[in-house]
Amino acid sequence: MAESGLSLSNRLPGTREEWEHRLDRLVRENRFTISVFFPLNGVFLLLASAEGVFAGTPLAPLTFNGLFILLGTLVMRSPLLVGVLPHTTRRAATGVGLLALYAYAIEYVGVHTGVPYGEFAYGVDLGPTVAGVPLGLPVFFVPLVMNAYLLCLLLLGDRAENAAVRLGSVVAAVLAMDVVLDPGAVALGFWEYYPPGAFYGVPLSNYVGWVLSATVAVVLLDWGYDRRILLGRLAECEFMLDDLVSFVILWGGINAWFGNWLAVAVAALFGVGLLKTERFDSGVLRFGRRRESGENSSD
């Protein structure tokens, strides 16, 4: 028994750098599973749940299963989380922590007062909640902002040196992501606005609220992370924006099912952005494991 424990200890990474390298390899070798299979599976399960396919069958527990939704989201977020991990300093962690606190606070206010997003209520289980707010909220919200931030850094190039251009572009990108996300979520029944808005059931007040939240989020992330170091990491880490690939597949597919074609078009624009930055590449679409040439596989 002692030998077994020792053997396990020897196999586990012993330093932060070793953990980072192990996680890098795990994500790199499973890009298709994480960034294509999981969102496609999510499209099927969520649409089947919304259409009542599982009702009255042994699969009924899969209907909008909150823990499954949270777990699937975490898996799809993993390329981004692993990508930024090596450069998440104490300052960056502080920025993310403050952003998480803000997300909880603004959501609590929104759920109980309707400010700033408009009157709404959750319609399905999104995992454990406290005071009506899902505990997994930062997992749902913060990576959206980080994805927008990284994509804009790549697309803007030298123009990202201008703070007004950089921050304004990221806020606009985050708002565009909600143009995709909210109509799909409303169609699924994740939440509902009272009264329903003109944009596929989403009111204009929601987007005004997102401008506020996106601005706070972008400022905190821009303060916490060194964008030049992040750009260097993006150059060496081909999977860092795979979470955005998942976003395009998942929410583009859901909106297409419900005929939310403007939302689909915006999702397609994010796909074009990924293609332009060469992030929607064959490594994502290739089934099975992928090893980079020359990579040390001894660990």
Okay, side chain of [X], backbone of [Y]: is any donor-acceptor separation there less than 3.5 Å?
X      : Y      : answer
Thr129 : Gly132 : no
Arg233 : Gly83  : yes
Arg77  : Phe140 : yes
Ser35  : Phe32  : no
Tyr104 : Leu135 : yes
Asn30  : Thr33  : no
His21  : Pro13  : no

Would you check if [X] and [Y] make a side-chain contact, meaning some heavy-atom pair closer than 4.5 Å?
X      : Y      : value
Glu238 : Glu278 : no
Phe199 : Asn206 : no
Tyr225 : Val96  : yes
Leu126 : Phe190 : yes
Leu188 : Val124 : no
Asp226 : His87  : no
Thr94  : Trp223 : yes
Phe64  : Leu46  : yes

Would you sort out whether Phe258 and Tyr200 count as a side-chain contact (heavy atoms from CB on, under 4.5 Å), showing the intermediate values? CA-CA 10 Å; Phe258 289 109; Tyr200 303 121; over 6 Å; no
Evaluation steps, side-chain contact (heavy atoms from CB on, under 4.5 Å), between Val174 and Tyr149: CA-CA 8 Å; Val174 175; Tyr149 186 77; over 6 Å; no
[atom1] of [X] to [atom2] of [Y]: how many Å apart, nearest 0.5 Å?
X      : Y      : atom1 : atom2 : value
Phe38  : Thr73  : CZ    : OG1   : 10.5 Å
Asp24  : Glu29  : CG    : CD    : 11.0 Å
Asn65  : Asp125 : CG    : CG    : 7.0 Å
Met177 : Phe270 : CE    : CZ    : 5.0 Å
Leu234 : Arg227 : CG    : CZ    : 13.5 Å
Arg166 : Leu153 : CZ    : CG    : 7.5 Å

Could you tell me which non-hydrogen atom of [X] sits nearest to which non-hydrogen atom of [Y], and how far apart they are?
X      : Y      : result
Pro138 : Ala100 : CG-CB, 3.9 Å
Ser213 : Tyr102 : OG-OH, 3.0 Å
Leu62  : Ser49  : O-OG, 3.7 Å
Ala256 : Val264 : N-CG2, 3.3 Å
Ile34  : Val75  : CG2-O, 3.2 Å
Trp251 : Ala185 : CZ3-N, 3.5 Å

Within one Ile-Leu-Val-Met-Phe-Trp-Tyr cluster: [X] and [Y], side-chain cutoff 4.5 Å:
X      : Y      : answer
Phe44  : Val53  : yes
Leu212 : Tyr193 : yes
Leu150 : Val272 : no
Val186 : Leu137 : no
Leu47  : Leu40  : yes

Full working for side-chain contact (heavy atoms from CB on, under 4.5 Å) between Asp182 and Trp210: CA-CA 11 Å; Asp182 242 289; Trp210 267 74; 4.0 Å; yes
More than 12 non-hydrogen atoms from neighbouring residues, nucleotides or ligands closer than 6.0 Å to CZ on Arg90, yes or no?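 Incorrect, the count does not exceed 12.
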Should we count CZ of Phe37 as having more than 12 external heavy atoms under 6.0 Å?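 No.
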Can you tell whether the side chains of Glu18 and Arg22 come within less than 4.0 Å, N to carboxylate O?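 Result for this pair is no, no salt bridge flagged.
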Anything under 30° is parallel, anything over 60° is perpendicular, the rest tilted; go ahead and classify Phe120 against Tyr117.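 Phe120 vs Tyr117 ring planes: perpendicular.
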Would Val165 and Leu156 count as a side-chain contact (heavy atoms from CB on, under 4.5 Å) if you check the C-alpha gap in whole Å, the side-chain angles of each, and the deciding distance to 0.1 Å? CA-CA 9 Å; Val165 171; Leu156 288 172; 4.1 Å; yes
Pick out which of Pro143, Ser78, Pro39 makes a side chain to side chain contact (heavy atoms under 4.5 Å, CB included) with Asp243.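 For Asp243, the side chain to side chain contact (heavy atoms under 4.5 Å, CB included) check succeeds only for Pro143.
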Can you tell me which residue among Val266, Asn255, Ile254 is in a side chain to side chain contact (heavy atoms under 4.5 Å, CB included) with Pro183?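 The passing option is Asn255.
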Between Tyr108 and Thr113, do the side chains contain an N or O donor and an N or O acceptor separated by less than 3.5 Å?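 Distance-only check fails for Tyr108 and Thr113.
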